[in-house]
Amino acid sequence: MMIYKKIAHFVIDDKFTDAAFIQFETVNPGHNDFFLISNAKEKVYIKKTPVSIVNVKKIKKQKFLKILEKYDFVVFHALTEVHQQLLSVANEKIKFVWIGMGYDYYDLIVDNRYSLYFEETEKILKKYEIKNKIKLDIFKRFIKKLLHKKINKKDIIKKIDYFSPVLEVEYDLISEKFKTKFPKYVSWNYHTTSKLIDQVEDIYISGDDILLGNSATFTNNHSEVLGFLKNQELNGKQIICPLSYGNAAYAQKIEERGKYFFGDKFIALREFMPFDEYMGILSNCSNVIMNHLRQQGAGNVSAMLYMGAKIFLNKSNPLYIHYISIGLKIFSMDELYSNLEILDLKLTEEEICKNKNIIKSSSTFKAGLDKTKKLIEIVGG
């Protein structure tokens with residue numbers, strides 16, 4: 001019998017928040033309170049979650065901090081700067097859980113923040129940073145003035161009891177960087193993939209185009225792939241590049257480069273579009289190239305695998321290591337660079353079926369609920 005626990009969730013305005021709300025409310029109904037620390041009055045990506053918006057200035061007030069003590073435990077969905085600030089002053093007797101999203105912990109894995117970028121992408125990033133330095137400095141000064149305290153992220157993490165990164169292998173990569181106390185591992189995921197899999201159940205790959213990247217973020221390392229492909233014979237294949245989500249200036253740069261190299265064979269998706277229309281485009285892509293050095297876009301990759309596409313990932317990407325370990329048929333960027341003809345090959349029916357079964361078994365909504373229930377039992381026990 002499930003014993004309900006009173007849980008406070010601190011979330012960000014992100015599409016994953018609604019998935020968290022559904023999972024926790026299904027397993028722990030009526031015992032979850034969601035908070036969004038923000039100076040903005042309107043939400044952009046949160047659609048279903050009933051969140052209480054907390055002004056940044058209030059998070060260090062004793063009245064608010066006292067409220068947290070009535071919960072069995074507190075969950076931080078992403079360890080943002082304001083979440084760190086809250087942790088720095090919260091009662092240490094409270095149990096804290098950190099559900100990582102990727103971007104909020106890769107600074108703990110890599111020694112140099114530019115380690116996630118290849119040479120050409122690093123150049124683009126540095127030019128962007130120089131151009132926007134004044135704006136960034138103003139923002140940092142604003143946050144510092146508002147919160148009055150500079151904190152050390154590693155020190156803050158010592159106050160956390162449990163940590164759930166996207167992949168278990170990432171937990172090992174981070175924990176080994178800590179010589180002192182580090183949160184215990186607990187497995188949990190947003191399981192947005194289960195809904196996505198249901199939506200693509202009857203969609204099959206019918207073309208041979210190339211899907212490049214998942215967003216307009218620098219960690220996609222688009223430039224290196226474009227530089228490689230420009231000197232190859234693509235046999236009429238189009239390059240589809242989703243750039244509707246992320247950094248607008250970077251999206252513009254990649255679109256310009258793609259158009260310069262490939263003309264109308266490069267299709268930049270700059271605007272959000274209806275799901276059916278988007279999937280209609282993706283169903284023509286039998287090749288998916290994700291040149292990230294960190295885990296990113298796992299849901300999109302799983303959906304494309306489920307539809308029968310070939311996936312190319314960098315061997316340094318923990319997602320590649322994870323997929324290989326669970327038996328999925330995928331390819332490395334090294335294989336692509338050494339043999340471009342691989343783009344013309346198709347997965348066998350047996351390989352597609354095996355990929356579908358593995359993804360289906362690990363991505364069901366029930367699997368997500370089981371993980372949620374177990375997390376509550378472990379942390380709240």
Side-chain angles (χ1 to χ4, degrees), residues 12 14-17 19-20 23 75-80 97-111 113 115-117 153 157 160-178 182-197 213-215 217 219-221 288-306 311-333 355 357-372 374-375 378-379:
I12 58 176
D14 187 277
K15 59 186 178 182
F16 291 108
T17 295
Q23 284 172 238
V75 180
F76 288 99
H77 295 261
L79 197 58
T80 63
V97 180
W98 169 22
I99 294 177
M101 291 191 171
Y103 72 86
D104 56 331
Y105 55 73
Y106 262 82
D107 58 325
L108 301 170
I109 295 178
V110 298
D111 297 321
R113 71 189 187 89
S115 299
L116 296 176
Y117 314 102
K153 188 174 182 178
I157 288 172
I160 298 172
D161 300 278
Y162 294 90
F163 172 43
S164 177
V166 178
L167 303 173
E168 186 172 358
V169 67
E170 293 174 315
Y171 178 87
D172 297 328
L173 291 173
I174 301 171
S175 61
E176 67 183 20
K177 300 283 186 177
F178 284 72
F182 191 72
K184 296 176 184 177
Y185 175 74
V186 60
S187 179
W188 194 84
N189 298 103
Y190 287 93
H191 272 270
T192 53
T193 304
S194 60
K195 181 179 179 181
L196 192 54
I197 293 305
N214 76 308
S215 61
T217 54
T219 45
N220 279 265
N221 290 302
V288 179
I289 302 177
M290 300 286 182
N291 198 28
H292 311 81
L293 289 169
R294 76 165 177 88
Q295 168 273 125
Q296 190 171 332
N300 291 337
V301 171
S302 294
M304 292 301 292
L305 271 171
Y306 195 81
I311 306 295
F312 297 89
L313 298 176
N314 198 287
K315 283 185 176 180
S316 297
N317 186 342
L319 197 58
Y320 176 88
I321 299 168
H322 172 69
Y323 281 162
I324 291 294
S325 72
I326 62 175
L328 288 169
K329 176 64 176 179
I330 61 171
F331 301 86
S332 70
M333 294 299 299
N355 281 349
N357 288 337
I358 292 173
I359 292 169
K360 188 79 170 180
S361 63
S362 62
S363 302
T364 63
F365 183 61
K366 182 181 181 302
L369 295 182
D370 289 343
K371 281 192 175 185
T372 304
K374 190 170 183 180
L375 180 148
I378 291 172
V379 180

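Both backbone and side-chain heavy atoms feed into the values below; hydrogens, waters and symmetry mates do not.
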**Message:** Checking Y106 against Q295: is there a side-chain donor and acceptor pair closer than 3.5 Å?
**Reply:** no

**Message:** Check whether T372 reaches the backbone of W188 with its side chain - one donor and one acceptor, N or O, closer than 3.5 Å.
**Reply:** no

**Any N189 side-chain heavy atom under 4.5 Å of V166 side chain** = yes

**Message:** Which residues pass the ring pair (Phe, Tyr, Trp, His ring centres under 6.0 Å) test with F16, not counting sequence neighbours?
**Reply:** Y190

**Message:** Tell me whether N317 contacts the main-chain N or O of N314 through its side chain, where contact means a donor paired with an acceptor under 3.5 Å.
**Reply:** no

**Asked** Got a second to check how far L293's CG is from M333's CE, nearest 0.5 Å?
**Response** 10.0 Å

**Prompt:** Looking only at heavy atoms, what is the nearest atom pair of G368 and Q23, with distance?
**Reply:** O-NE2, 3.6 Å

**Request:** Indicate yes or no for a side-chain donor-acceptor contact from S164 to the backbone of V186 under 3.5 Å, with no hydrogens or angles considered.
**Result:** yes

**Any residue meeting side-chain contact (heavy atoms from CB on, under 4.5 Å) with S115, in chain and number order, not counting sequence neighbours** = V110, N112

**Complete:** ring pair (Phe, Tyr, Trp, His ring centres under 6.0 Å) filter on Y105, not counting sequence neighbours, yields F163

**Request:** Could you tell me whether the side chain of K329 reaches within less than 4.5 Å of the side chain of L305, counting heavy atoms only?
**Result:** no

**Request:** Check the surroundings of atom NZ in K153: do more than 12 heavy atoms from other residues, nucleotides or ligands lie under 6.0 Å from it?
**Result:** yes

**Request:** Would you sort out whether L79 and I157 count as a side-chain contact (heavy atoms from CB on, under 4.5 Å), showing the intermediate values?
**Result:** CA-CA 9 Å; L79 197 58; I157 288 172; 3.9 Å; yes

**Asked** Is there a donor-acceptor contact under 3.5 Å linking the side chains of H292 and N220?
**Response** yes

**Prompt:** Among F182, W98, Y162, which one satisfies ring pair (Phe, Tyr, Trp, His ring centres under 6.0 Å) with Y171?
**Reply:** F182

**Request:** Please step through side-chain contact (heavy atoms from CB on, under 4.5 Å) for the pair T80 and I12, ending with a clear verdict.
**Result:** CA-CA 9 Å; T80 63; I12 58 176; 3.6 Å; yes

**Message:** So, using side-chain contact (heavy atoms from CB on, under 4.5 Å) as the criterion, who are the partners of K315 when residues are at least two apart?
**Reply:** Y320, S332, D334

**From K360 atom NZ to I358 atom CD1, the distance as rounded to the nearest 0.5 Å** = 14.5 Å

**Prompt:** Are I197 and I359 side-chain neighbours, meaning at least one heavy-atom pair lies under 4.5 Å?
**Reply:** yes

**Request:** Compare every heavy atom of A367 with every heavy atom of S362, then report the nearest pair and how far apart it is.
**Result:** O-CB, 4.3 Å

**Request:** Go through the structure and list residues passing ring pair (Phe, Tyr, Trp, His ring centres under 6.0 Å) with Y103, not counting sequence neighbours.
**Result:** none

**Item:** Test: K366 and D370 ion pair at under 4.0 Å
**Value:** yes

**Asked** S302 side chain to G299 main-chain N or O, any donor-acceptor pair under 3.5 Å?
**Response** no

**Request:** Check whether any side-chain heavy atom of N214 lies under 4.5 Å from a side-chain heavy atom of Q296, and answer yes or no.
**Result:** yes

**Request:** Indicate yes or no: at least one non-hydrogen side-chain atom of L108 is less than 4.5 angstrom from one of K177.
**Result:** no

**Message:** Going by side chain to side chain contact (heavy atoms under 4.5 Å, CB included), Y323 matches just one of L167, I311, L328. Which one?
**Reply:** L328

**Prompt:** Looking at V301, N221, I330, which hits side chain to side chain contact (heavy atoms under 4.5 Å, CB included) with M290?
**Reply:** V301

**Message:** Go through it in stages, so that I can follow the logic: the residues are H77 and V75, the test is side-chain contact (heavy atoms from CB on, under 4.5 Å), and I'd like the CA-CA distance, side-chain angles, deciding distance and then a yes or no.
**Reply:** CA-CA 6 Å; H77 295 261; V75 180; 3.5 Å; yes

**Prompt:** Are any non-hydrogen side-chain atoms of T219 and R294 less than 4.5 angstrom apart?
**Reply:** yes

**Asked** Residues two or more places apart in sequence or in another chain: which of them pass ring pair (Phe, Tyr, Trp, His ring centres under 6.0 Å) with F331?
**Response** F312

**Asked** Just wondering, do L375 and K371 contact through their side chains at under 4.5 Å, heavy atoms?
**Response** no

**Item:** Heavy-atom side-chain contact between Y306 and N355 under 4.5 Å
**Value:** no

